[in-house]
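Here the structure comes first, spelled out in structure tokens, and everything after it is commentary.
For clarity, every value in this text was computed on a predicted model and none was experimentally measured. In what follows, chains carry the letters A, B, and so on, assigned in the order in which the sequence lines appear, proteins first and then strands, with residues in each chain numbered from 1. Computed over heavy atoms, backbone and side chain alike; hydrogens, waters and symmetry mates excluded.
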There are 2 protein chains.
Amino acid sequence: MNSAEAKDLRAAALRVALRARILDAARRIVTRDGFEALSMRKLAEAIGYSPASLYLHFESRDEIARALGREGFAQLLAQLEPLGAIDDPRERLHALAHAYVAFGCAHQQAYRLMYREPEEGGRAGAHGATRATVATVTPAEHELPCEEAARMADLFADALEALAATGNWRHGARGDSALLARALWAMLHGVVALSQLGPGFAHEASLTLIVDAALDGWLGASAAKNGDAAAQHNAPPPPARTAKKTPDCPS
Amino acid sequence: MNSAEAKDLRAAALRVALRARILDAARRIVTRDGFEALSMRKLAEAIGYSPASLYLHFESRDEIARALGREGFAQLLAQLEPLGAIDDPRERLHALAHAYVAFGCAHQQAYRLMYREPEEGGRAGAHGATRATVATVTPAEHELPCEEAARMADLFADALEALAATGNWRHGARGDSALLARALWAMLHGVVALSQLGPGFAHEASLTLIVDAALDGWLGASAAKNGDAAAQHNAPPPPARTAKKTPDCPS
DNA sequence: GTCTATATACTGATAGAC
DNA sequence: GTCTATCAGTATATAGAC
């Protein structure tokens, strides 16, 4: 029946719209007051509904947090993947690495949500529970959304392989580009995560310099440091190793 | 007065003993059921006191968590610092790195507490508060206990400087050993943290191989891989690059 | 189907009696 | 110092109005 179908469509549209509204409000609260401040009550109040209504659209607070985390991953990947098109592998790796850290610093709360450990096994009651309203059947067994994680690792691995293919790298194609890509990812995550814990990690050093040191150590202290690698002619003295092409981060 | 002094001493001893008992119970709960399961009520019950009594010895649940975190740092440093005595710098770095990851994998909950972000500004009520009972004046402004963090960074930095001093390293003493030490620390932390989030990071690869790839990239795919670096004569084919001198980790 | 209102079973933390 | 009683907050479950 035509009118019935139309009604279904409209209802579905309303559902996704409301879901989006909930996520919007949640994102606002989290980026403003931190993840800890995200309570179902405040969230419900922010969108003008009762707390119980949220559970018609999300299985739990944790699912909302996970949705925001996946959003963060998508956002980060959206910033990184265009850089994957940079031809020169060394330049590409530098761009990817610094963009990664810049994102983590610029979107602290979103970043935390991406890598936050899920609240384990249902805390409160949850004895009976006939919860089938929300179709989210994701068993949520492992965190780090698989697809996004793979794309992230591949971005780095591809660049490393491209570098190895140039022959202009002592490392050669020894088949460990997948491993080194993971190490690179881990290093970048560590830099962002540790720097967010206070000044104890980076002290006065800038995160940019730490990342540069790591990259130089891996790729060889090389050219491709200043975007246009071809313009390597005797320019005025390089700005004393302080040329940051990425906005520096707090701490 | 003599008896008064003696009484004070005894009271003080009781205080520290009780503090230790609280921490012991907290450690047991956390390592068994995770940090989320650590509630003041359960903790109080575990030591046979009322919840309110805990607040006579610790300012808050957060302070207990922080104390456990510092404990974890001390434990990790106690395992790492003896390795700082290894003469060969490359071997020393390998030993430090793998011991770090092994610790993180073996003591997951303790490790999380070490790098946990503090629960920001008092969540609940906390309106009045005349809290002076506990002498802990630590303003808790920055996490990552400064002293421990510095010792950790120095362990790595010293080894890198020792390596640079041998001249047997393309990197030379360019003054960035402090920076590379931070990058190394970040990489190790990233490996532990990401691996704890599920199989999405390391996939089927072992963490040991990832760390080896990173170290080889920084230090040069070199000797010192098998404890005795002098025994580099043509040994039977190296065990297909799977020789793990550190017990492998979950995921 | 969707939402409100209410109930349960927790949480960290505090005031005040003893 | 230690307790009881309580506050104000939390996530979540369920009953029932519309």
_Checking contacts here: which listed nucleotide (D:dT2, C:dT4, C:dT14) is nearest the side-chain heavy atoms of B:His57?_
D:dT2
*Would you please test B:Arg21 and B:Asp24 for salt bridge (Lys or Arg N to Asp or Glu O under 4.0 Å) and show each step?*
CA-CA 5 Å; B:Arg21 255 182 76 195; B:Asp24 281 354; over 6 Å; no
*Should A:Asp62 and A:Arg116 count as an ion pair when the cut-off is N to O under 4.0 Å?*
yes
*Can you tell me how far P of D:dA13 sits from CG of A:Leu54, to the nearest Å?*
13 Å
*Could B:Glu36 and B:Arg61 be called an ion pair, given the rule that one side-chain N must be under 4.0 Å from one carboxylate O?*
no
*Does the C:dA13 base have a donor-acceptor partner in the side chain of B:Arg61 within less than 3.5 Å?*
no
*asked:* I need the CZ-P distance between A:Arg10 and C:dT2, as an integer number of Å.
replied: 14 Å
_Students often get this wrong, so: under 4.0 angstrom with heavy atoms, is A:Ser53 touching a base, only sugar-phosphate, or nothing?_
base
*Expressed in angstrom and rounded to an integer, what is the separation of A:Lys42 atom NZ from D:dA8 atom P?*
17 Å
*Indicate, with a heavy-atom threshold strictly under 4.0 Å, whether B:Ile64 touches base, sugar-phosphate, or nothing.*
nothing
*Classify the side chain of A:Arg41 versus the base of D:dG9 as yes if they form a donor-acceptor pair under 3.5 Å and no if they do not.*
no
_Starting the side chain at C-beta, find the nucleotide from C:dG12, C:dC3, D:dA11 nearest to A:Ser39._
D:dA11
*Let me know the distance between CD of A:Glu36 and P of D:dG9, rounded to the nearest Å.*
16 Å
*Rounding to a whole Å, what distance do you find between B:Phe58:CZ and C:dA13:P?*
13 Å
*Hey, does B:Leu38 reach any base, or is it just sugar-phosphate, or nothing, if we go heavy atoms under 4.0 Å?*
sugar-phosphate
*Kindly point out which of D:dT12, D:dT14, D:dT2 is positioned nearest to the side chain of A:Ala52?*
D:dT14
*Compute both the distance and the angle, then confirm whether A:Arg151 meets the cation-pi test with A:Phe156: under 6.0 Å from the six-membered ring centre, within 45 degrees of the axis.*
no
*Within the structure, does a side-chain N or O atom of B:Ser50 lie under 4.0 Å from either OP1 or OP2 of D:dT2?*
no
*Rounded interatomic separation in angstrom, taking OH from A:Tyr55 and C1' from D:dT14*: 13 Å
*Considering only side-chain heavy atoms of B:Leu56, which listed nucleotide, D:dT2, C:dC3, C:dT4, is closest?*
D:dT2
*Rounded to the nearest Å, what distance is computed from the CZ atom of residue B:Arg19 to the P atom of nucleotide D:dG1?*
14 Å
*Any idea which heavy atoms bring A:Leu96 and A:Leu80 closest together, and the distance?*
CD2-O, 3.5 Å
*Taking CG from A:Leu14 and C1' from C:dT2, how many angstroms apart are they, rounded to a whole number?*
11 Å
